[in-house]
Protein chains: 2
Amino acid sequence: MTAAHDPRQNYLLAALPAGDLERVSKSLKLVELPLGEALYESGSRQPAVYFPTTAIVSLLYTLADGSSVEIAVVGNEGVVGVSLFMGGETTPSRAVVQSAGYAYRWFGKFLKEEFMLGGPMQHLLLRYTQALLTQMAQTAVCNRHHSVDQQLCRWLLLSLDRLVGNELVMTQELIANMLGVRREGVTEAAGNLQSAGLIKYSRGRIKVLDRAGLEARTCECYAVVKKEFDRLLPAMTQY
Amino acid sequence: MTAAHDPRQNYLLAALPAGDLERVSKSLKLVELPLGEALYESGSRQPAVYFPTTAIVSLLYTLADGSSVEIAVVGNEGVVGVSLFMGGETTPSRAVVQSAGYAYRWFGKFLKEEFMLGGPMQHLLLRYTQALLTQMAQTAVCNRHHSVDQQLCRWLLLSLDRLVGNELVMTQELIANMLGVRREGVTEAAGNLQSAGLIKYSRGRIKVLDRAGLEARTCECYAVVKKEFDRLLPAMTQY
DNA sequence: GAAGTTGTGTACGATAACGCACATAATCCG
DNA sequence: CGGATTATGTGCGTTATCGTACACAACTTC
């Protein structure tokens, strides 16, 4: 537990006025999120929300036949578990750690107390939820209209925005699960990007060589989501 | 303006305690929503929210190439314009009247005043927004994994739930826009349903003959969304 | 009731993604 | 070091949906 960890690594927390942050920090607990851990399952009661700092969390929907799709991704720009303050307590989605790292856990009791004050924290959480709504909607659109190639670019960029560095640890199999496509489809799409010199793939490690190239190749969906996050959460210059 | 119109025709408003409803009603204005009217456009400032009573409104995302997809549908179970109280003021989506009817308009000034009280109205609006989130996420999943036939069933059922009667006025062309597929694809899917005796199609009028049959034929997505609405908004027995 | 408009049915080749079956390659581990 | 495991690459035939073109049917208008 070194000085390297600070709640302000999460941009929602960082956007709080000093006094609010100090109060809130008392009930925050730093936790380590290992790759693959499920923060909550579909329909299960969520005791706490998580403010990621270095971790990335995917929100997934799983179908009866076992196939799944990522509907949103949350990193240090947001919070996992919006249903806790929206009032539903549970959601039909799962939250799985896509990239290991840290997050601050905040139990529902404290969250609800703070939320009911109607102050900056409430305001931030609601604005973030609206940004999340946009991300989900744009994902729906993208699923319908764009090629696996484009979606892979979008996914890489969204992940990259939430990481330090330019390398992500992720097998093609897992990416396929996120995008809701075949593993072979990802192999092919990744091969295309590699041939174009945009990424370097090697057994679960993807190094992004040409970020601008990815942006040029992806569909508009990435830009729409990014723009909306910037608009709604302007204090956050993580991108 | 006969006694036939009452704010309680909208289930969110109906779920308010009598005192709250009375206060809120003072600033509600009944408006007629003609087919095709846009309640707001992508990125435009929304001055008011709408609580539909007999109207149905589609939330659409439009892509740069002009193609569009419906990401959610709102009827008398909900409210159009959640970004007004979520804090964003605008969204990248459009809201278009899919079925003509009435709604109660509530201007942002009044909405925000009431919302800040933190009472039942805030609570209801947030729970509804969570239900909307689920609908959008499930739409994303459905777009990825299910056939046009199944999606048409889902769409018909969602519309039917928000209407009185068993007939909807809607051309195949418009349905195709909602689902983000070709018009011919809808023709084919509708033909299948008609052959199976589930619906009767005639030039922009669809009569549902066998609702149970549609439910049997659609994917799980319909049931997931319905169940979540029932759970989050239990006072509302519109289905 | 003739002409125009709008909505629906049908056909057919093109294409993107699928499901499946393997081959190969990198890494792990006893 | 050698065998097992995991990750990736490749090659099929199959399928759903697409894009395009056009025929026809029903309602509208004058």
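Note on naming: letters A, B, ... go to the chains in the order of the sequence lines (proteins, then strands), and numbering restarts at 1 for each one.
Take the nearest nucleotide of DNA chain C for A/Gly185 and for A/Ser202: the residue whose nucleotide is more 5' is A/Gly185. Looking at which nucleotide of DNA chain D each of B/Asp149 and A/Tyr201 is closest to, the 5′-most match is held by A/Tyr201. For B/Arg182 and A/Val148, each mapped to the nucleotide of DNA chain C holding its nearest heavy atom, the one lying further toward the 5' end belongs to B/Arg182.
Spacing between atom CG of A/Asn177 and atom P of C/dC18 amounts to 12 Å, rounded to whole angstrom units. Summarising the geometry, the separation between CZ on A/Arg205 and P on D/dA7 is reported as 13 Å, rounded to the nearest angstrom. Straight-line distance from the NE2 atom of A/His145 to the P atom of D/dC18: 9 Å, rounded to whole Å. Atom P of nucleotide C/dA17 and atom CG of A/Leu152 are separated by 12 Å, given to the nearest angstrom. B/Gln172 places its CD atom 16 Å from the P atom of D/dA25, with the value rounded to the nearest Å. For the pair A/Gln150 CD and C/dA17 P, the interatomic distance rounds to 9 Å; values are reported in whole Å. What separates CD of A/Glu188 from C1' of D/dC12 is a distance of 13 Å, to the nearest Å. Per the geometry, CD1 belonging to A/Ile206 stands 8 Å off P belonging to D/dT8, to the nearest Å.
The nucleotide whose nearest atom lies closest to any side-chain atom of A/Val181 is, among C/dC18, C/dG7, D/dA7, C/dC18.
To the nearest 0.5 angstrom, B/Leu174 atom CG is 11.0 Å from B/Glu70 atom CD.
For A/Gln150, the CD atom counts as densely surrounded, since its 6.0 Å shell holds more than 12 non-hydrogen atoms of other residues, nucleotides or ligands. Residue B/Gln9 places its CD atom among more than 12 non-hydrogen atoms of other residues, nucleotides or ligands, all under 6.0 Å distant.
A salt bridge links B/Asp161 with B/Arg211; the closest basic N to acidic carboxylate O contact falls under 4.0 Å.
A cation-pi contact links A/Arg162 to A/Phe229, judged by a cut-off of 6.0 Å to the six-membered ring centre and 45° from its axis.
Nucleic acid contact class of B/Thr187 (heavy atoms, under 4.0 Å, all strands): base.
Side-chain N/O atoms of B/Glu184 and base N/O atoms of D/dC18 include no donor-acceptor pair closer than 3.5 Å. Counting atom types as modelled, B/Arg183 pairs a side-chain N or O with a base atom of C/dG9 as donor and acceptor under 3.5 Å.
OP1 or OP2 of D/dT8 has not a single side-chain nitrogen or oxygen of A/Gln194 nearer than 4.0 Å.
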